[in-house]
A.B. asks: 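Before I ask anything, let me first share the structure, which is written out below as structure tokens.
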Amino acid sequence: IRRSSLEKYPVEHITKARALEAFRAWKDEGLSRSTLKKRFNLMSRAYVYAMEEEVIEPGFDVYRFVNNRRIKPLPTGPRRVRVLSDDEIRFAWHFRGYAGFVDAENPRRNQKAYPMKALECNTILKLLLMTGLRTYEIRDQKWENWEHIIRVKPKGARKAVEVPTYILEKSKTKVPYYVPLLPPVLKVLKEYKAARNSTSPYVFPSLHVDIGTFAGSVRQQMARNGCTHTLHDIRRTVATRLGDLGYEDFDIAKILNHTRKGVTAKHYNHAKYLLPKAEIYAAWLQELHQILSEDAEVFVLPEKSTLSISA
């Protein structure tokens, strides 16, 4: 995209008007239709990648390349609410993508069912709902990342407790991120591992290679069932529900793995905050349990005096 009006703008500041201006400039240069199409396709993949990596907001994208290859007008009405309702949370929890699709009007659009992908998709959605992590932070990892045990001493306690921990070595913040795994999360992982019965080191061997396509594909499949939210909206939902439970932005940011601001936070304080995170997760899992209304183990954390979040 060199030698265009886009060259001097950061990607998050590129508007539809500037993109169209660049295409008009290329057309004035006498470029062929096929060359313009190649550049358009290249930009589409760049925007999809930028949305996947959260360089730009999924709702901010001036191109809607996931569904088709043409520019859509910017929305003029009020912005939609990007938080899932209780019914939509229940739908996402039980949703199994890649289950196949039959189009009676156009059989060529029929899609084959992939049972293993369906299982992996459902587990990813459950983990997204339970942890509030980014999609790639769950989809692309290996089992070894989920099987760490870290000893932590609670404040005022004499003995340390063992905390099952998911360690994300490479995160958006450029530093390792630690997620305490409570019994309900461990239970989901254990049941999935037994059902998947794979020897691959990757947790989701069928889907971790679908870089740039998984989120869009699942979104399309969910839209067919009336749910128009993105996977990233699940993350917004977790943050919003924690706010409704009374947690401040500082506590929510620890769960979302947002960049910590200030000299002390960036350069001096490298605490993992495993136990404070565990308490926040316990409150959210209790709320999630009530939303799901299932006769299952109540998502609560034991008393601090006997704190143990091992499975």
Side-chain angles (χ1 to χ4, degrees), residues 49-55 57-58 123-154 160-186 188-189 192 201-204 207-208 211 214-215 230-243 247-285 288 299 301 307 309-311:
Y49 177 80
M51 285 185 284
E52 283 282 323
E53 297 297 320
E54 298 181 343
V55 177
E57 288 289 334
T123 305
I124 290 175
L125 287 172
K126 287 182 178 179
L127 293 175
L128 288 175
L129 284 166
M130 300 175 86
T131 64
L133 292 173
R134 300 175 178 90
T135 304
Y136 74 89
E137 292 174 343
I138 292 177
R139 182 198 60 195
D140 301 341
Q141 306 307 312
K142 296 181 178 180
W143 280 111
E144 61 187 29
N145 299 104
W146 293 86
E147 297 172 346
H148 294 275
I149 300 292
I150 296 180
R151 295 182 62 82
V152 182
K153 182 181 291 186
V161 297
E162 293 185 344
V163 181
T165 305
Y166 165 49
I167 301 179
L168 183 63
E169 298 289 349
K170 297 180 180 179
S171 70
K172 186 179 178 181
T173 57
K174 310 300 182 184
V175 295
Y177 180 62
Y178 298 80
V179 181
L181 301 177
L182 272 63
V185 180
L186 294 172
V188 168
L189 286 170
Y192 163 75
Y202 288 95
V203 182
F204 305 104
L207 295 178
H208 87 277
I211 298 175
F214 172 74
T230 67
L231 294 184
H232 198 71
D233 288 343
I234 295 176
R235 183 171 165 84
R236 294 186 180 91
T237 302
V238 174
T240 302
R241 296 298 181 112
L242 285 174
Y247 288 97
E248 300 291 340
D249 288 346
F250 175 77
D251 296 319
I252 298 174
K254 286 188 293 189
I255 295 297
L256 298 181
N257 189 23
H258 282 166
T259 302
R260 299 166 62 190
K261 298 180 180 179
V263 175
T264 303
K266 286 184 177 181
H267 303 291
Y268 292 90
N269 183 7
H270 301 294
K272 301 178 181 66
Y273 291 109
L274 283 176
L275 296 184
K277 288 179 185 176
E279 293 181 13
I280 299 173
Y281 274 126
W284 163 238
L285 291 177
L288 180 61
F299 298 167
L301 200 65
L307 182 61
I309 57 178
S310 300

A.B. asks: Under a 4.5 Å cut-off applied to non-hydrogen side-chain atoms, are Leu231 and Leu125 in contact?
C.D. replies: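 Side-chain contact under 4.5 Å: yes.
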A.B. asks: When rounded to the nearest 0.5 angstrom, what is the spacing between CD1 in Ile150 and CG in Leu274?
C.D. replies: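 CG of Leu274 is found 5.0 Å from CD1 of Ile150.
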A.B. asks: Where do Leu285 and Pro184 come nearest, in terms of heavy atoms and distance?
C.D. replies: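 Taking Leu285 first and Pro184 second, the nearest heavy atoms are CD1-CG, 4.1 Å.
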A.B. asks: Decide yes or no for Val203 and Asn145: does some side-chain heavy atom of the first lie under 4.5 Å from some side-chain heavy atom of the second?
C.D. replies: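 No, side chains not in contact.
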A.B. asks: Got a second to check how far Gln141's CD is from Lys170's NZ, nearest 0.5 Å?
C.D. replies: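 Nearest 0.5 Å value for the CD-NZ distance: 10.0 Å.
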A.B. asks: Roughly how far apart are Thr237 OG1 and Leu242 CG, rounded to 0.5 Å?
C.D. replies: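 Thr237 atom OG1 to Leu242 atom CG measures 11.0 Å (nearest 0.5 Å).
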A.B. asks: Any side-chain heavy atom of Ile138 sitting closer than 4.5 Å to one from Thr123?
C.D. replies: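 No, side chains not in contact.
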A.B. asks: Enter the distance from Thr230:OG1 to Arg236:CZ here, rounded to the nearest 0.5 Å.
C.D. replies: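 Taking OG1 in Thr230 and CZ in Arg236, the distance rounds to 5.5 Å.
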A.B. asks: Once rounded to the nearest 0.5 Å, what's the spacing between atom CZ of Phe250 and atom CD of Glu248?
C.D. replies: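 If I round to the nearest 0.5 Å, the distance is 11.0 Å.
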A.B. asks: Are the side chain of Trp146 and the backbone of Leu186 linked by a donor-acceptor contact shorter than 3.5 Å?
C.D. replies: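 Not at all, since once roles are kept as given, no pair shorter than 3.5 Å links the two residues.
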A.B. asks: Check Ala278 against Pro180 and note the closest heavy-atom contact, atom names and distance.
C.D. replies: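 Result for this residue pair: N-CG, 3.7 Å.
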A.B. asks: If you compare all heavy atoms of Tyr202 against all heavy atoms of Trp143, which two are closest, and at what distance to 0.1 Å?
C.D. replies: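 Nearest heavy atoms, Tyr202 then Trp143: O-NE1, 3.7 Å.
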A.B. asks: Between Ile252 and Ala239, what is the shortest heavy-atom contact and its length?
C.D. replies: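 That would be CD1-O, 3.5 Å.
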A.B. asks: More than 12 non-hydrogen atoms from neighbouring residues, nucleotides or ligands closer than 6.0 Å to CG on Asp249, yes or no?
C.D. replies: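 Counting other residues, nucleotides and ligands, CG of Asp249 stays at 12 neighbours or fewer.
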A.B. asks: Could you check whether any side-chain heavy atom of Ile149 comes within less than 4.5 Å of a side-chain heavy atom of Pro164, counting everything from C-beta outward?
C.D. replies: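 A side-chain contact exists here, since the closest heavy-atom pair is under 4.5 Å.
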A.B. asks: If we ignore hydrogens and angles and just use 3.5 Å, is the side chain of Lys172 paired with the main-chain N or O of Asn257 as donor and acceptor?
C.D. replies: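 No; judged by distance alone, with no hydrogens or angles, the pair does not exist.
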A.B. asks: Is there a side-chain contact between Val185 and Leu127 in this structure, where contact means two heavy atoms from C-beta onward sitting under 4.5 Å apart?
C.D. replies: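 In contact.
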A.B. asks: Restricting to side-chain contact (heavy atoms from CB on, under 4.5 Å), what partner residues turn up for Val179, sequence neighbours left out?
C.D. replies: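 Expected list: Leu133, Tyr166, Tyr177, Leu181, Tyr281.
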A.B. asks: Does any part of the side chain of Leu128, heavy atoms only, come nearer than 4.5 Å to the side chain of Arg235, both counted from C-beta?
C.D. replies: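 No - every pair of side-chain heavy atoms lies 4.5 Å or more apart.
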A.B. asks: Testing the basics here: between Arg139 and Leu207, what is the closest heavy-atom pair and its distance to 0.1 Å?
C.D. replies: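 For Arg139 versus Leu207, the nearest heavy atoms are CD-O, 3.3 Å.
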A.B. asks: Closest approach of Ser171 and Glu137, non-hydrogen atoms and distance?
C.D. replies: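 Taking Ser171 first and Glu137 second, the nearest heavy atoms are CB-OE2, 4.4 Å.
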A.B. asks: Quick one: which residue pairs count as a salt bridge (charged side-chain N to carboxylate O under 4.0 Å, His left out) with a foot in residues 253-266, not counting sequence neighbours?
C.D. replies: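 Residue pairs with at least one partner in residues 253-266: Asp251-Lys254.
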A.B. asks: When rounded to the nearest 0.5 angstrom, what distance separates CG in Leu129 from CD1 in Ile234?
C.D. replies: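 Reported value, rounded in 0.5 Å steps: 4.5 Å.
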A.B. asks: Could you tell me whether the side chain of Thr135 reaches within less than 4.5 Å of the side chain of His232, counting heavy atoms only?
C.D. replies: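 A side-chain contact under 4.5 Å is absent here.
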